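The next block holds one structure in the form of structure tokens; read it before the comments.
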Amino acid sequence: MKDVITLKDIAVSFDGETILDGLDLSIHDGEFVTLLGPSGCGKTTTLRIIGGFITPDRGDVFFGDQRVNNVPPHKRQVNTIFQRYALFPHLNVYENVAFGMRVQKKKKAEIAETVEKMLALVNLKGFEKRAVSTLSGGQQQRVAIARALANNPKVLLLDEPLAALDLKLRKDMQVELKNIQKSLGITFVYVTHDQEEALSMSDTVVVMDGGRIQQIGTPTDIYNEPQNAFVADFIGESNILDGVMREDYKVEFFGKEFRCVDFGFEKDEPVDVVVRPEDIDIVEPEKGDLIGRVTNITFKGVHYEIIVDVKGFKWMIQTTDFHAVDSVIGIMIDPQEIQVMKKSEYSGLYGDYSSFSEEFDGLADPEAENGAAQ
Amino acid sequence: MKTLSRIYNVIIFGLLYFPIIMVIVFSFNSARYTPMEWKDFSLQWYEKLFQNEEILNALSVTLQVALISTLAATVIGTLAAIGIHAMNRKLRRVMLTINNFPMVNPEVVSGVAFMLLFVALAAVLPVFKPGFFTLCIAHVTFCTPYVVLQIMPKLRQTDGRLYEAALDLGCTPLQAFFKVTIPEILPGILTGALMAFTMSLDDFAISYFTAGSSAQTLSVTIYSMVKRPVTPEIYALSTLLFGTVFVLLLLANIGQVRDISRRSKRARR
Ligand SMILES: Nc1ncnc2c1ncn2[C@@H]1O[C@H](COP(=O)(O)OP(=O)(O)OP(=O)(O)O)[C@@H](O)[C@H]1O
Ligand SMILES: [Mg+2]
């Protein structure tokens with residue numbers, strides 16, 4: 001497939017602080033690419049480089065084959081939906097959507113036709129004369145989408161467009177955005193720090209942290225085959241264990257050898273081992289590969305989440321059966337559920353649930369709450 | 001306690017406004033000379049006023065200077081405010097202090113300073129001989145800080161992303177400036193212009209030192225008329241001047257209050 005945008009070895013720093021560090025990224029035509037990462041990891045900065053609002057200190061930006069490092073924003077064939085919409089408060093809905101076409105001096109009839117089409121697309125018919133300040137968050141969001149799409153961009157950049165919306169509306173808008181992207185065939189570069197949103201909407205997910213790309217892949221690749229402890233921990237829940245690769249298809253942890261499907265490591269190479277909480281089978285203690293004691297159980301609706309102490313390491317396991325606190329259980333893991341990763345700077349930082357407490361859930365998404373309060 | 005503070009207020013405002021009220025009242029008196037003594041209501045001093053060449057001339061100079069200096073100060077002040085806004089915090093504070101200084105500097109000092117400057121310049125460039133031109137320059141100079149001061153808070157409230165959004169939608173930087181930045185700060189520009197106009201009408205000290213004999217403003221004319229036997233004509237003139245400035249300031253305030261309430265309404269959504 002053709003690449004519409006290529007970033008090559010991009011580096012940016014503000015006030016001597018490195019924000020992006022050697023970013024390489026290719027975006028295919030018609031693709032839905034998501035930049036996913038914690039707050040402050042450089043997602044917005046990456047979008048602003050593509051939009052032309054920041055010139056990188058190092059590296060090149062290509063649109064197709066053309067190097068565009070020095071092309072100003074208004075000459076770039078991309079449009080942005082900003083983190084806080086940035087609708088023009090002195091213009092009504094119609095004029096906001098028409099803005100780009102007015103700048104291009106399009107004919108009046110053509111403008112009217114496009115605005116009508118765009119407002120229909122985002123379900124805002126009849127809102128033409130409204131002041132944007134009288135709209136709800138979700139409606140402002142739609143105006144921002146219509147305004148960007150009215151310019152007929154090749155690539156649409158979206159910076160956490162749904163962060164300020166409540167959960168229900170966010171889910172609806174996710175579906176709508178995905179439909180718009182498919183029906184118009186536009187390339188979307190979408191920024192979010194919500195992993196669920198990233199997995200459900202994207203063709204390709206780019207996981208970022210600390211100004212660097214940690215992994216690029218399809219949602220299933222990212223989830224099933226994380227490349228380091230950061231990705232494993234950031235996407236879903238993971239138990240991450242210290243292990244040693246004894247030979248191809250054989251990894252040892254907790255002093256026990258397990259069969260696995262990974263190969264190509266050095267003999268006796270130290271590795272990180274990921275096991276997802278939903279991939280662990282609970283059996284009778286005597287039948288298990290490992291034996292542990294339940295220290296905590298939480299009802300989550302579809303399943304229970306239990307914390308199991310195995311020789312001092314706390315595992316998280318998801319199960320549909322109830323297991324009382326202090327009961328002893330056996331753990332079994334299928335070879336294909338074991339993901340072996342090279343050691344990285346993130347090794348040992350994540351993946352142990354010994355500090356587990358339910359309050360953590362409440363802290364999980366501070367950005368979304370901030371947004372909603374706006 | 002409450003009544004006490006009320007009485008206090010009445011006394012203060014009485015002291016402040018009593019002389020002005022006296023001037024207004026006696027501008028409608030038909031008696032000619034001081035000591036002041038009320039005779040009949042009459043508009044004769046206003047009639048006389050508008051037949052007085054000297055005063056009409058001064059009025060026209062005043063209005064021209066006010067219009068020209070308002071226009072220039074508004075443009076310069078708007079650009080300056082945008083420039084200052086884009087600076088980093090330290091530099092911005094320095095620039096704002098420099099901007100505010102002329103407003104607190106004693107006007108007589110500014111006036112004398114302008115006079116010296118123009119005299120020195122006139123030796124080389126004859127245009128700087130005290131007159132209409134120097135008057136305009138001086139007025140632009142002391143009006144501009146007021147414009148800057150009115151626009152700065154507007155810029156601070158404006159979302160910087162709006163300008164970027166305009167660029168994103170295809171505007172050149174200049175188009176984005178006129179289509180987005182200016183409309184956003186327009187209330188500030190208008191109150192700034194109104195303030196500048198008022199200050200220009202209002203000014204005496206600086207005009208006195210920079211006008212020369214060829215172009216006298218109203219306030220300077222009033223001053224020179226006072227040296228001769230005072231006629232109630234001056235009361236009439238003062239009343240008109242006071243009324244105009246009062247109305248202008250009122251307009252500026254109303255504009256500000258409206259803008260604030262609109263902003264807070266917007267913020268509440
Ligand atoms: N103009 C700037 N000047 C100085 N530092 C900046 C500037 N813009 C961004 N930064 C810093 O760069 C880092 C990355 O910012 P960026 O906005 O790209 O993060 P992000 O991934 O979009 O985060 P979020 O999810 O919170 O929006 C942050 O530490 C931020 O403080
Ligand atoms: Mg951001």
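All values below come from the heavy atoms of this structure, side chains included, with hydrogens, waters and symmetry mates left out. Chain letters run A, B, ... following the sequence lines, proteins first, then strands; residues in each count from 1. Small disclaimer: the values here were computed from a predicted structure and weren't measured.
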Count the heavy atoms belonging to other residues, nucleotides or ligands that lie under 6.0 Å from [atom1] of [X], then report whether that count exceeds 12.
| X | atom1 | result |
| --- | --- | --- |
| B:F177 | CZ | yes |
| A:K8 | NZ | no |
| A:D65 | CG | no |
| B:F132 | CZ | yes |
| A:R58 | CZ | yes |

### Residue A:N79 versus chain B: region with a heavy atom under 4.5 Å
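Interface part for A:N79: both.
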### Query
Quick one: what part of A:L157 sits under 4.5 Å from any heavy atom of chain B, side chain, backbone, both or neither?
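The answer is neither part of A:L157.
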To the nearest 0.5 Å, how far apart are [atom1] in [X] and [atom2] in [Y]?
| X | Y | atom1 | atom2 | answer |
| --- | --- | --- | --- | --- |
| A:F88 | B:Y163 | CZ | OH | 12.0 Å |
| B:L162 | A:Y85 | CG | OH | 14.5 Å |
| A:R48 | B:D168 | CZ | CG | 10.5 Å |
| A:R84 | B:D159 | CZ | CG | 9.5 Å |
| B:C171 | A:Q104 | SG | CD | 10.0 Å |
| A:D159 | B:R161 | CG | CZ | 7.5 Å |

### Query
Does the side chain of B:L169 come within less than 4.5 Å of A:V103's, by heavy atoms?
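Heavy-atom side-chain distance check fails, nothing below 4.5 Å.
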### Task
May I ask you to test the B:K179-A:F99 pair for a side-chain heavy-atom distance under 4.5 Å?
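They are in contact (side-chain heavy atoms under 4.5 Å apart), so the answer is yes.
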### Task
Indicate yes or no for a side-chain donor-acceptor contact from A:H74 to the backbone of B:A176 under 3.5 Å, with no hydrogens or angles considered.
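Between the backbone of B:A176 and the side chain of A:H74 there is no qualifying donor-acceptor contact (under 3.5 Å).
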### Message
Quick check for you: among A:G100, A:A144, A:A86, which has the greatest number of heavy-atom pairs under 4.5 Å with chain B?
### Response
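Result: the option with the highest number of such pairs is A:A86.
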### Query
With a 4.5 angstrom heavy-atom cut-off, which part of B:E164 approaches chain A: side chain, backbone, both or neither?
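Contact with chain A is through both the backbone and side chain of B:E164.
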